Chemist: 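What follows is a structure written as structure tokens; I'll ask about it next.
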Protein chains: 2
Amino acid sequence: MRSVAILGIGQTVVDEAWDRSLREMAGEAVLNAFHDAGRETADGLFAGNMMSGIINGQNNLGALIADWVGLRGTEAVKIEAACGSGGAALRSALMAVSSGELDSAVVVGVEKMTDRHPHEVTAALATAADADYEVDMGVSFVGINAMIMRRYMYEYGWKHADFAPFAINSHANAMHNPYARLHQIITTEDFEKSAMIATPINLLDASPIGDGAAAVYIVPAESLAPGTPRVVIAASAAATDTIGVHDRKDALTLAAAEESARLAYRQAGISPDDIDIFELHDAFTIMCALSLEACGFAECGKGVQLGLDGEITPQGRIPICTRGGLKARGHPVGATGIYQAVEVVQQLRGECGPTQVGGAAIGMSQNIGGSGASIITHIFKKE
Amino acid sequence: MRSVAILGIGQTVVDEAWDRSLREMAGEAVLNAFHDAGRETADGLFAGNMMSGIINGQNNLGALIADWVGLRGTEAVKIEAACGSGGAALRSALMAVSSGELDSAVVVGVEKMTDRHPHEVTAALATAADADYEVDMGVSFVGINAMIMRRYMYEYGWKHADFAPFAINSHANAMHNPYARLHQIITTEDFEKSAMIATPINLLDASPIGDGAAAVYIVPAESLAPGTPRVVIAASAAATDTIGVHDRKDALTLAAAEESARLAYRQAGISPDDIDIFELHDAFTIMCALSLEACGFAECGKGVQLGLDGEITPQGRIPICTRGGLKARGHPVGATGIYQAVEVVQQLRGECGPTQVGGAAIGMSQNIGGSGASIITHIFKKE
């Protein structure tokens, strides 16, 4: 297998883009990635998307986007792993290029969520959960995460305000990301008094939906001139867990995060101590704690402490959500995994201004589909 | 890249399976493939599916099926390319195994379509077309194919009855396939008098929807004991075309079929003359003609003649739809590409009874997503 490098990145602002279509947003991200890579074509296009069939009445997304961006005729496909679709698409493209089947690929994550009534979007998001054994019982996707958070608070003795640092960090970092959905500093007081959604999850625990697209352009590392600075994908791993949370031995362990991180560390030949930044999947604040614990940055039940100790900020021991994370950059679900990859590359290139992590050389992204059912972990390295 | 062999196949009857769920059908096909392969686990699961989000309220399909079949924890993902999802999933899995990333994979195509009102299914199928420029104008998916067929008849002077041999052949072959949806011999008279859907397409031009699942189990060929008979994937290629038919230079040329077949022939080092059977995508009879022409079995406008000359039957020059095709085996859309692969393997193994093609050694499958937008071609070889 060949080593694969990320040659270009592109993204759109995450927003309520009522004046632009699905294909237009995907196209903007792809063309930005082409421009950044200095390329005009690619051997294959891989689209990460969860809900275009439900929300936009549009499947066959690979062919749609390929034609729109000038790749008419080129192989193209859509990959779905719920909110993990972006990460899964990157992994599929990576295998296509590392295998030698393709010599270049563009991976685009895209989701257009705000053209429908929020009730319809809530129903569409619930398709990430178990339709027969969770959703049919009346629980929403936020509801499932709320039960996990409540159990965590009960089991380990944390109070709601202890989760505030996760949201505060993401909002603070997004202030310096022009592509972020929310530009608004928040305080612990704001966090505590914001509107309840599904107790104990309130508005500032939850990431906002949005319309957005992000893209990366990948090539075999061997195709680049020797000595050219590049970001390589040092590891790529995916794992699954039960789709229904009730089927797990322990609702507070993200087994698929543990497993995919374990595989990724092994592939890259590193340990958690070597990770300089970690773009994790903070769909809800509770997921920050669980992800940090599953990936070896904190013991079980102690992830919250990292936030309270200031260790998750750009100056901390394990900076997370350095461009705003899902919480403030926004969470256009199928695009999120590619936004994470783009943001890690920005850090490794040193392009992050006030939230730049000094000397960042190794970054990790973790994209979660469902309440921990499909998890994809990538490690990127500056060479 | 490593050569990849199909070690096991599995399928369910295509039917209105109101008593079984999406996961149960997928599970039956996967477990049958495991049994046939003599294996109990796999390194990865790839699900081909188009509409589970819309019709079944279920995304995150990879994780769902992986858990259900006893592969909890295993990497799993869903691939979507409209009605070409099955073929696209096979190609993704193939790249994962040929690259060395996985040492085995199970690919399952599944679609559960009959639990909803036909109007809802028609709307869901239309998501394979261009939502903004075709569907919003009020044209259904059948309507698009009807316009193509009418133009073909006008351009080349064929009459409707000339297409009858395609449907008659598929129905005749399905009589000997216990997994087929329709077991009913039809005549040219039946064909001509059946109910109109969208002129000139009538009921017997069109494939029936259905619930179904099919699976193949793949491994590196090098992992099998030397001398063991096996079916290998000799070629795999995908191409796209404009999603909207109006955007094409010529509505009667399946450019993505031409291109993917050209690539596949080159990979396998063969020509159309070497193909012993061809499982093509007869969603509508017109697609038989266009596929045969695009893949080099007939000149433009002459595909229909192959049917009239009896060349498409199991005894003919290029046997197609030997197990009933989409027309009579049924078309559970995301599953169809895997049914095709299963059926080619059955032919190459010599398991097809009265529709066995004598001495079949090389078979091809072609899976089409949308009105020719996403096309995936595979060539299989007995070794």
Side-chain angles (χ1 to χ4, degrees), chain A residues 1 21-23 44-45 49-54 56-64 66-67 71-82 84 88 91-92 95-96 98-101 123-124 126-132 135 237-243 247 255-256 259 369-370 373-374, chain B residues 1 21-23 44-45 49-54 56-64 66-67 71-82 84 88 91-92 95-96 98-101 123-124 126-132 135 237-243 247 255-256 259 369-370 373-374:
Chain A
M1 287 175 54
S21 67
L22 186 69
R23 76 189 81 190
L45 182 143
N49 171 272
M50 174 182 170
M51 313 192 300
S52 71
I54 305 176
N56 316 106
Q58 184 68 69
N59 275 306
N60 223 346
L61 203 61
L64 178 87
D67 182 33
L71 294 179
R72 185 175 296 184
T74 300
E75 167 166 15
V77 77
K78 162 179 157 178
I79 315 287
E80 187 272 322
R91 178 157 166 73
S92 283
M95 290 193 282
S98 69
S99 72
E101 185 77 9
T127 64
D130 191 316
D132 298 340
V135 184
T240 58
D241 198 351
T242 66
I243 186 163
D247 270 336
E259 175 63 4
S374 297
Chain B
M1 285 172 57
S21 68
L22 186 71
R23 76 189 80 189
L45 182 144
N49 171 274
M50 174 183 170
M51 313 191 301
S52 71
I54 305 175
N56 315 107
Q58 183 69 69
N59 275 306
N60 223 345
L61 203 59
L64 178 86
D67 182 32
L71 293 179
R72 184 175 295 185
T74 301
E75 167 165 15
V77 77
K78 162 178 157 180
I79 315 288
E80 187 271 323
R91 179 158 165 72
S92 282
M95 290 194 282
S98 69
S99 72
E101 184 78 10
T127 63
D130 191 316
D132 297 340
V135 185
T240 57
D241 198 350
T242 66
I243 186 164
D247 269 336
E259 175 65 6
S374 297

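Predicted, not measured: the structure shown is a model, and the values here were computed from it. Here is how names work: the chains are called A, B, and so on, in the same order as the sequence lines, proteins then strands, and each is numbered from 1.
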Chemist: Listed by chain and number, what are the side chain to side chain contact (heavy atoms under 4.5 Å, CB included) partners of B:E101, not counting sequence neighbours?
Modeler: A:M1, A:R91, A:M95, A:Q267, B:S99

Chemist: Counting only heavy atoms closer than 4.5 Å, note whether B:D247 contacts chain A via side chain, backbone, both or neither.
Modeler: both

Chemist: Please look at B:A256 and chain A and tell me whether the side chain, the backbone, both or neither of the residue comes under 4.5 angstrom of a heavy atom of that chain.
Modeler: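 B:A256 has no heavy atom closer than 4.5 Å to chain A.
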
Chemist: With a 4.5 angstrom heavy-atom cut-off, which part of B:A237 approaches chain A: side chain, backbone, both or neither?
Modeler: neither

Chemist: Would the distance check show the side chain of A:E80 and the main-chain N or O of B:I79 forming a donor-acceptor pair, the cut-off being under 3.5 Å?
Modeler: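 Judged by distance alone, no pair lies under 3.5 Å.
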
Chemist: If the condition is side chain to side chain contact (heavy atoms under 4.5 Å, CB included), which residues does B:A131 pass it with, not counting sequence neighbours?
Modeler: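 With sequence neighbours excluded, B:A131 shows a side chain to side chain contact (heavy atoms under 4.5 Å, CB included) to A:Q58, given in chain and number order.
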
Chemist: Answer with side chain, backbone, both or neither: which region of B:N60 has an atom nearer than 4.5 Å to a non-hydrogen atom of chain A?
Modeler: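 Both the backbone and the side chain of B:N60 come within 4.5 Å of chain A.
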
Chemist: Please classify the contact between B:V135 and chain A as side chain, backbone, both or neither, with a heavy-atom cut-off of under 4.5 Å.
Modeler: neither

Chemist: Which atom names give the shortest non-hydrogen contact between B:T240 and A:A66, and what distance separates them?
Modeler: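 Looking at all heavy atoms of both residues, the closest pair is OG1-CB, 4.2 Å.
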
Chemist: For B:S52, is it the side chain, the backbone, both, or neither that has a heavy atom closer than 4.5 Å to a heavy atom of chain A?
Modeler: neither

Chemist: Check whether A:A129 gets within reach of chain B through its side chain, its backbone, both or neither, counting any heavy atom under 4.5 Å.
Modeler: backbone

Chemist: Tell me, for A:L71 versus chain B, whether the close heavy atoms (under 4.5 Å) come from the side chain, the backbone, both or neither.
Modeler: backbone

